[in-house]
Amino acid sequence: NAGVTQTPKFQVLKTGQSMTLQCAQDMNHNSMYWYRQDPGMGLRLIYYSASEGTTDKGEVPNGYNVSRLNKREFSLRLESAAPSQTSVYFCASSESLTDTEAFFGQGTRLTVV
Amino acid sequence: GEDVEQSLFLSVREGDSSVINCTYTDSSSTYLYWYKQEPGAGLQLLTYIFSNMDMKQDQRLTVLLNKKDKHLSLRIADTQTGDSAIYFCAETLYNQGGKLIFGQGTELSVKP
(Lines give C-alpha, C1' and ligand atoms only; values in the text may rest on other atoms or scores of the structure.)
Protein backbone atom coordinates (compact mmCIF):
# COMPACT_ATOMS: atom_id res chain seq x y z
CA ASN A 1 0.00 0.00 0.00
CA ALA A 2 2.84 2.43 -0.70
CA GLY A 3 0.94 4.61 -3.19
CA VAL A 4 3.21 7.47 -4.29
CA THR A 5 6.71 7.50 -2.82
CA GLN A 6 9.04 10.49 -3.03
CA THR A 7 12.69 10.64 -2.12
CA PRO A 8 14.34 12.40 -0.43
CA LYS A 9 12.02 13.90 2.19
CA PHE A 10 14.39 16.77 2.99
CA GLN A 11 17.31 18.32 1.10
CA VAL A 12 19.53 21.37 1.46
CA LEU A 13 21.42 22.52 -1.62
CA LYS A 14 23.87 25.30 -2.30
CA THR A 15 23.09 27.71 -5.11
CA GLY A 16 24.25 26.22 -8.40
CA GLN A 17 24.19 22.60 -7.27
CA SER A 18 22.08 20.07 -9.12
CA MET A 19 19.85 17.31 -7.85
CA THR A 20 17.10 14.93 -8.90
CA LEU A 21 13.90 14.35 -6.97
CA GLN A 22 12.61 10.83 -7.38
CA CYS A 23 8.98 9.72 -7.53
CA ALA A 24 7.51 6.26 -7.94
CA GLN A 25 3.93 5.01 -7.87
CA ASP A 26 2.72 1.44 -7.55
CA MET A 27 -0.89 1.94 -8.64
CA ASN A 28 -0.28 1.36 -12.37
CA HIS A 29 -1.35 4.94 -13.07
CA ASN A 30 -0.81 6.45 -16.48
CA SER A 31 -0.48 10.11 -15.49
CA MET A 32 2.04 11.69 -13.15
CA TYR A 33 2.67 15.27 -11.99
CA TRP A 34 5.15 17.48 -10.20
CA TYR A 35 3.91 20.44 -8.15
CA ARG A 36 5.61 22.96 -5.93
CA GLN A 37 3.91 24.42 -2.88
CA ASP A 38 4.78 27.88 -1.62
CA PRO A 39 3.07 29.81 1.21
CA GLY A 40 0.02 31.73 0.01
CA MET A 41 0.35 30.38 -3.53
CA GLY A 42 -1.13 26.92 -3.29
CA LEU A 43 0.23 24.19 -5.54
CA ARG A 44 1.60 25.15 -8.92
CA LEU A 45 2.11 22.59 -11.65
CA ILE A 46 5.70 22.31 -12.84
CA TYR A 47 5.51 19.45 -15.34
CA TYR A 48 3.22 16.54 -16.00
CA SER A 49 3.25 13.31 -17.92
CA ALA A 50 -0.03 12.18 -19.42
CA SER A 51 1.34 8.71 -20.13
CA GLU A 52 4.61 6.84 -20.36
CA GLY A 53 6.85 8.47 -22.94
CA THR A 54 5.23 11.93 -22.83
CA THR A 55 5.94 15.01 -20.75
CA ASP A 56 4.49 18.52 -20.90
CA LYS A 57 5.14 21.84 -19.23
CA GLY A 58 2.86 23.12 -16.51
CA GLU A 59 2.56 26.63 -15.09
CA VAL A 60 6.13 27.05 -13.76
CA PRO A 61 8.56 24.83 -15.72
CA ASN A 62 11.56 27.18 -15.89
CA GLY A 63 14.64 25.83 -14.13
CA TYR A 64 13.37 22.24 -14.11
CA ASN A 65 13.54 19.16 -16.30
CA VAL A 66 11.67 15.89 -15.98
CA SER A 67 12.02 12.30 -17.10
CA ARG A 68 9.28 9.71 -17.30
CA LEU A 69 11.65 6.78 -16.87
CA ASN A 70 8.91 4.15 -17.13
CA LYS A 71 5.28 3.88 -16.14
CA ARG A 72 6.14 3.84 -12.42
CA GLU A 73 8.73 6.59 -12.17
CA PHE A 74 8.75 10.31 -12.87
CA SER A 75 11.80 12.33 -11.79
CA LEU A 76 12.30 16.07 -11.45
CA ARG A 77 15.75 17.56 -12.00
CA LEU A 78 17.12 20.91 -10.93
CA GLU A 79 20.22 21.53 -13.04
CA SER A 80 21.45 24.65 -11.23
CA ALA A 81 19.51 25.29 -8.05
CA ALA A 82 18.49 28.84 -7.13
CA PRO A 83 17.11 30.20 -3.82
CA SER A 84 13.80 30.85 -5.63
CA GLN A 85 13.44 27.08 -5.93
CA THR A 86 13.22 26.70 -2.16
CA SER A 87 9.85 25.03 -1.78
CA VAL A 88 7.99 21.85 -0.93
CA TYR A 89 7.71 19.60 -3.97
CA PHE A 90 4.88 17.12 -4.43
CA CYS A 91 4.61 14.29 -6.90
CA ALA A 92 1.16 12.98 -7.76
CA SER A 93 -0.36 10.35 -10.00
CA SER A 94 -3.76 9.53 -11.43
CA GLU A 95 -5.26 6.83 -13.61
CA SER A 96 -5.46 9.34 -16.44
CA LEU A 97 -5.51 13.11 -16.95
CA THR A 98 -9.28 13.05 -16.80
CA ASP A 99 -9.49 10.87 -13.72
CA THR A 100 -11.27 12.45 -10.78
CA GLU A 101 -8.66 11.69 -8.15
CA ALA A 102 -4.94 12.39 -7.94
CA PHE A 103 -2.87 10.64 -5.28
CA PHE A 104 -0.06 12.61 -3.69
CA GLY A 105 3.28 11.72 -2.19
CA GLN A 106 4.40 13.04 1.19
CA GLY A 107 6.47 15.84 -0.32
CA THR A 108 10.14 16.84 -0.50
CA ARG A 109 11.16 19.94 1.44
CA LEU A 110 13.98 21.59 -0.51
CA THR A 111 16.03 24.52 0.75
CA VAL A 112 18.50 26.29 -1.53
CA VAL A 113 21.01 28.49 0.30
CA GLY B 1 -7.72 32.06 -17.94
CA GLU B 2 -6.96 29.66 -15.17
CA ASP B 3 -7.24 31.08 -11.68
CA VAL B 4 -8.61 29.61 -8.49
CA GLU B 5 -8.96 31.92 -5.48
CA GLN B 6 -9.51 31.14 -1.81
CA SER B 7 -9.24 33.08 1.41
CA LEU B 8 -6.14 32.05 3.35
CA PHE B 9 -7.43 31.54 6.89
CA LEU B 10 -10.57 30.47 8.75
CA SER B 11 -10.97 29.97 12.48
CA VAL B 12 -13.99 28.27 14.08
CA ARG B 13 -14.99 26.76 17.41
CA GLU B 14 -15.35 23.01 17.80
CA GLY B 15 -18.92 21.96 17.06
CA ASP B 16 -19.63 24.93 14.78
CA SER B 17 -20.01 24.66 11.01
CA SER B 18 -17.12 25.76 8.78
CA VAL B 19 -17.65 27.19 5.32
CA ILE B 20 -14.67 27.45 2.99
CA ASN B 21 -15.18 29.41 -0.21
CA CYS B 22 -13.52 29.29 -3.60
CA THR B 23 -13.93 31.13 -6.88
CA TYR B 24 -12.68 29.91 -10.22
CA THR B 25 -12.51 31.51 -13.62
CA ASP B 26 -12.42 28.73 -16.19
CA SER B 27 -15.93 27.86 -17.31
CA SER B 28 -14.68 24.78 -19.16
CA SER B 29 -14.01 22.97 -15.88
CA THR B 30 -15.89 19.71 -15.70
CA TYR B 31 -14.90 18.60 -12.23
CA LEU B 32 -14.17 20.70 -9.15
CA TYR B 33 -12.45 19.25 -6.12
CA TRP B 34 -11.72 19.75 -2.47
CA TYR B 35 -8.43 18.36 -1.18
CA LYS B 36 -7.25 18.28 2.45
CA GLN B 37 -3.64 18.63 3.57
CA GLU B 38 -2.75 17.75 7.15
CA PRO B 39 0.51 19.11 8.62
CA GLY B 40 3.59 17.58 7.05
CA ALA B 41 1.58 15.42 4.68
CA GLY B 42 0.57 15.34 1.05
CA LEU B 43 -2.90 16.15 -0.22
CA GLN B 44 -5.86 13.80 -0.02
CA LEU B 45 -9.03 14.07 -2.03
CA LEU B 46 -11.99 14.90 0.22
CA THR B 47 -14.76 15.19 -2.32
CA TYR B 48 -15.51 16.39 -5.82
CA ILE B 49 -18.49 17.67 -7.76
CA PHE B 50 -19.37 17.38 -11.41
CA SER B 51 -20.12 20.69 -13.04
CA ASN B 52 -23.71 19.78 -13.90
CA MET B 53 -24.53 19.40 -10.19
CA ASP B 54 -25.51 22.14 -7.73
CA MET B 55 -24.90 20.27 -4.52
CA LYS B 56 -23.25 17.15 -3.20
CA GLN B 57 -23.46 15.85 0.35
CA ASP B 58 -21.16 13.28 1.90
CA GLN B 59 -21.67 12.75 5.65
CA ARG B 60 -20.48 15.99 7.34
CA LEU B 61 -19.39 17.55 4.07
CA THR B 62 -21.63 19.59 1.76
CA VAL B 63 -20.34 21.01 -1.50
CA LEU B 64 -22.29 23.81 -3.19
CA LEU B 65 -21.60 24.91 -6.76
CA ASN B 66 -22.88 28.14 -8.27
CA LYS B 67 -21.85 27.94 -11.91
CA LYS B 68 -23.22 31.36 -12.80
CA ASP B 69 -20.95 33.04 -10.24
CA LYS B 70 -18.18 30.41 -10.60
CA HIS B 71 -18.31 29.92 -6.84
CA LEU B 72 -17.65 26.69 -4.96
CA SER B 73 -18.01 26.15 -1.24
CA LEU B 74 -17.27 23.38 1.24
CA ARG B 75 -19.32 23.21 4.42
CA ILE B 76 -18.11 21.02 7.27
CA ALA B 77 -20.81 20.36 9.84
CA ASP B 78 -19.96 19.83 13.54
CA THR B 79 -16.31 20.78 12.95
CA GLN B 80 -13.82 18.83 15.07
CA THR B 81 -10.23 19.61 16.06
CA GLY B 82 -9.17 16.80 13.71
CA ASP B 83 -10.54 18.87 10.84
CA SER B 84 -7.77 21.43 11.36
CA ALA B 85 -5.82 21.38 8.08
CA ILE B 86 -5.34 23.27 4.84
CA TYR B 87 -8.17 22.83 2.35
CA PHE B 88 -7.51 23.27 -1.35
CA CYS B 89 -10.06 23.92 -4.04
CA ALA B 90 -9.03 22.62 -7.48
CA GLU B 91 -10.39 22.42 -11.00
CA THR B 92 -9.50 20.26 -13.97
CA LEU B 93 -8.88 22.13 -17.20
CA TYR B 94 -9.99 19.63 -19.82
CA ASN B 95 -9.42 22.08 -22.64
CA GLN B 96 -5.76 22.16 -21.59
CA GLY B 97 -5.12 18.46 -21.47
CA GLY B 98 -6.68 17.85 -18.09
CA LYS B 99 -4.34 19.88 -15.90
CA LEU B 100 -5.36 20.03 -12.23
CA ILE B 101 -5.12 23.64 -10.99
CA PHE B 102 -5.21 24.45 -7.28
CA GLY B 103 -6.18 27.48 -5.25
CA GLN B 104 -3.90 28.93 -2.58
CA GLY B 105 -5.43 26.83 0.17
CA THR B 106 -7.47 27.85 3.24
CA GLU B 107 -5.94 27.07 6.61
CA LEU B 108 -8.76 25.96 8.92
CA SER B 109 -8.07 26.29 12.63
CA VAL B 110 -10.56 24.61 15.00
CA LYS B 111 -10.43 25.81 18.59
CA PRO B 112 -11.76 23.63 21.44
Side-chain angles (χ1 to χ4, degrees), chain A residues 1-10 21 23-25 27 29-51 54-61 66 87-109, chain B residues 1-10 20-26 28-53 56 58 63 72 85-107:
Chain A
N1 292 336
V4 180
T5 304
Q6 291 181 236
T7 54
K9 288 188 168 50
F10 301 94
L21 280 64
C23 175
Q25 52 90 9
M27 295 171 282
H29 284 168
N30 289 299
S31 301
M32 297 185 73
Y33 317 82
W34 276 104
Y35 290 89
R36 60 177 288 174
Q37 183 180 21
D38 302 291
M41 301 188 76
L43 275 77
R44 292 181 291 170
L45 184 63
I46 304 171
Y47 271 93
Y48 66 103
S49 170
S51 60
T54 70
T55 61
D56 285 287
K57 294 178 180 179
E59 300 170 79
V60 290
V66 289
S87 187
V88 181
Y89 291 85
F90 286 98
C91 177
S93 72
S94 61
E95 174 63 32
S96 68
L97 284 185
T98 55
D99 191 31
T100 54
E101 182 170 8
F103 293 81
F104 283 78
Q106 294 291 91
T108 296
R109 186 173 294 275
Chain B
E2 46 186 88
D3 206 7
V4 181
E5 298 282 339
Q6 299 177 240
S7 54
L8 295 182
F9 300 100
L10 176 65
I20 302 170
N21 294 301
C22 168
T23 57
Y24 61 98
T25 55
D26 197 303
S28 70
S29 297
T30 306
Y31 286 101
L32 294 133
Y33 307 85
W34 285 104
Y35 278 81
K36 177 182 180 182
Q37 183 184 31
E38 295 184 350
L43 279 70
Q44 286 189 297
L45 180 66
L46 264 185
T47 186
Y48 65 92
I49 189 166
F50 191 55
S51 60
N52 68 353
M53 298 168 65
K56 180 178 180 181
D58 184 1
V63 179
L72 183 74
I86 301 176
Y87 291 81
F88 290 92
C89 170
E91 61 175 345
T92 303
L93 304 181
Y94 285 103
N95 64 348
Q96 294 188 39
K99 290 191 299 184
L100 188 60
I101 302 297
F102 288 85
Q104 305 96 316
T106 299
E107 183 174 349

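Owing to the predicted nature of the structure, the values given are computational and were not obtained by experimental measurement. Numbered from 1 within each chain, the chains take letters A, B, ... in sequence-line order. Worth knowing before you read on, the calculation uses all heavy atoms, side chains too, and leaves out hydrogens, waters and symmetry mates.
- Both the backbone and the side chain of B:L43 come within contact range of chain A, each with at least one heavy atom under 4.5 Å from a heavy atom of that chain.
- No hydrogens or angles considered: a donor-acceptor pair under 3.5 Å links the side chains of A:S87 and A:D38.
- Heavy-atom distances place the side chain of A:Q37, and not its backbone, under 4.5 Å from chain B.
- Both the backbone and the side chain of A:L43 come within contact range of chain B, each with at least one heavy atom under 4.5 Å from a heavy atom of that chain.
- Taking the salt bridge (Lys or Arg N to Asp or Glu O under 4.0 Å) definition, one finds that A:R109 meets it with nothing, sequence neighbours left out.
- Taking the charged nitrogens against the carboxylate oxygens, B:D58 and B:K56 have no contact shorter than 4.0 Å, which rules out a salt bridge.
- In this structure, CD on B:E5 lies 5.5 Å from OG1 on B:T23, to the nearest 0.5 angstrom.
- The side chain to side chain donor-acceptor pair (under 3.5 Å) search around B:Q44 returns none, not counting sequence neighbours.
- Of the atoms belonging to A:Y35, it is side-chain heavy atoms, and not backbone ones, that fall under 4.5 Å from chain B.
- In this structure, no portion of B:E107 lies under 4.5 Å from any heavy atom of chain A.
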